Amino acid sequence: MHRVDRLLRHLHSGQVDTEAMPDVLATEECASSAAVSLEQWKEMITTADCKGPEWLSEWLLIDQERVDRFSEVTMDPQWIHQRDAKEKGSPFGGPIAHGYLVVSLSSSMVSNSDMPPGEGTKMGVNYGLNRVRWVSAVRVGSRIRARVRLVGVEEQSGGRVGQNT
């Protein structure tokens, strides 16, 4: 399964009571906020108890203002994204976020997760997407978060490190 597929599969949407829902993080041995080396990343991935470390982002509210701004920027004012979508007969019971809005927020959610940086990291660059599917709509008013699992790291030329999350 590819990076964004995994990320989207783990996005939680809906009216969720975050106080009642416990955060399910990786085991304590795997979770850390300190910078880690390439060798430490590899060890985390291969540790039998962890099956790849996992981190969560903060909850993010998908409000109508965000959806309206995205509609304007992308020139996609389709009625299912507008405030009066429910009155117009939306099959989703109200306005929904654009799929591409949710995908575009994934980068920020991963960056704002509690996943520790690699040692000497100066910046991160999104390499691309292999396959993206939207399996459910995100209704306006919902809160979403990313569940990030590190499944691979590889040393690249020039001292760079590639992560597969």
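All heavy atoms count here, side chains included; hydrogens, waters and symmetry mates do not. Keep in mind that what you see is a predicted model, and the values were worked out from it rather than measured.
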- Item | side chain to side chain contact (heavy atoms under 4.5 Å, CB included) assessment of Val132 paired with Tyr100 | CA-CA 10 Å; Val132 177; Tyr100 286 113; over 6 Å; no

- Task: Test side chain to side chain contact (heavy atoms under 4.5 Å, CB included) on Val140 and Glu65 and set out the steps.
- Result: CA-CA 9 Å; Val140 170; Glu65 181 182 357; over 6 Å; no

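Heavy atoms only, all atoms of each residue included: Leu60 and Arg66 are closest at CD1-NH2, 3.5 Å. Minimum heavy-atom separation, Leu101 to Phe70: N-CZ, 3.4 Å. When all heavy atoms are compared, the tightest approach of Ile144 to Met109 is CD1-CE, 3.9 Å.
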Show me the donor-acceptor pairs within less than 3.5 Å that the side chains of residues 80-90 make with the rest of the protein, sequence neighbours left out.
residue	atom	partner	partner atom	Å
His81	ND1	Ile96	O	2.7
Gln82	NE2	Pro77	O	2.5
Arg83	NH2	Asp68	OD2	3.4
Ser90	OG	Phe92	N	3.1
Ser90	OG	Gly94	O	3.1

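Between the CZ atom in Arg139 and the CD1 atom in Ile62 there is a gap of 13.5 Å [rounded to 0.5 Å].
Applying the side chain to side chain donor-acceptor pair (under 3.5 Å) criterion to Ser111, with sequence neighbours excluded, gives no partner residue.
Looking at Ser71 and His98, their side chains do bring a donor and an acceptor atom within 3.5 Å of each other.
In terms of hydrophobic clustering, with Ile, Leu, Val, Met, Phe, Trp and Tyr side chains grouped at heavy-atom distances under 4.5 Å, Leu105 and Trp134 are assigned to a common cluster.
In this structure the side chain of Val110 never reaches within 4.5 angstrom of the side chain of Trp55, judged on heavy atoms.
One N or O on the side chain of Arg145 and one on the backbone of Ser57 form a donor-acceptor pair closer than 3.5 Å.
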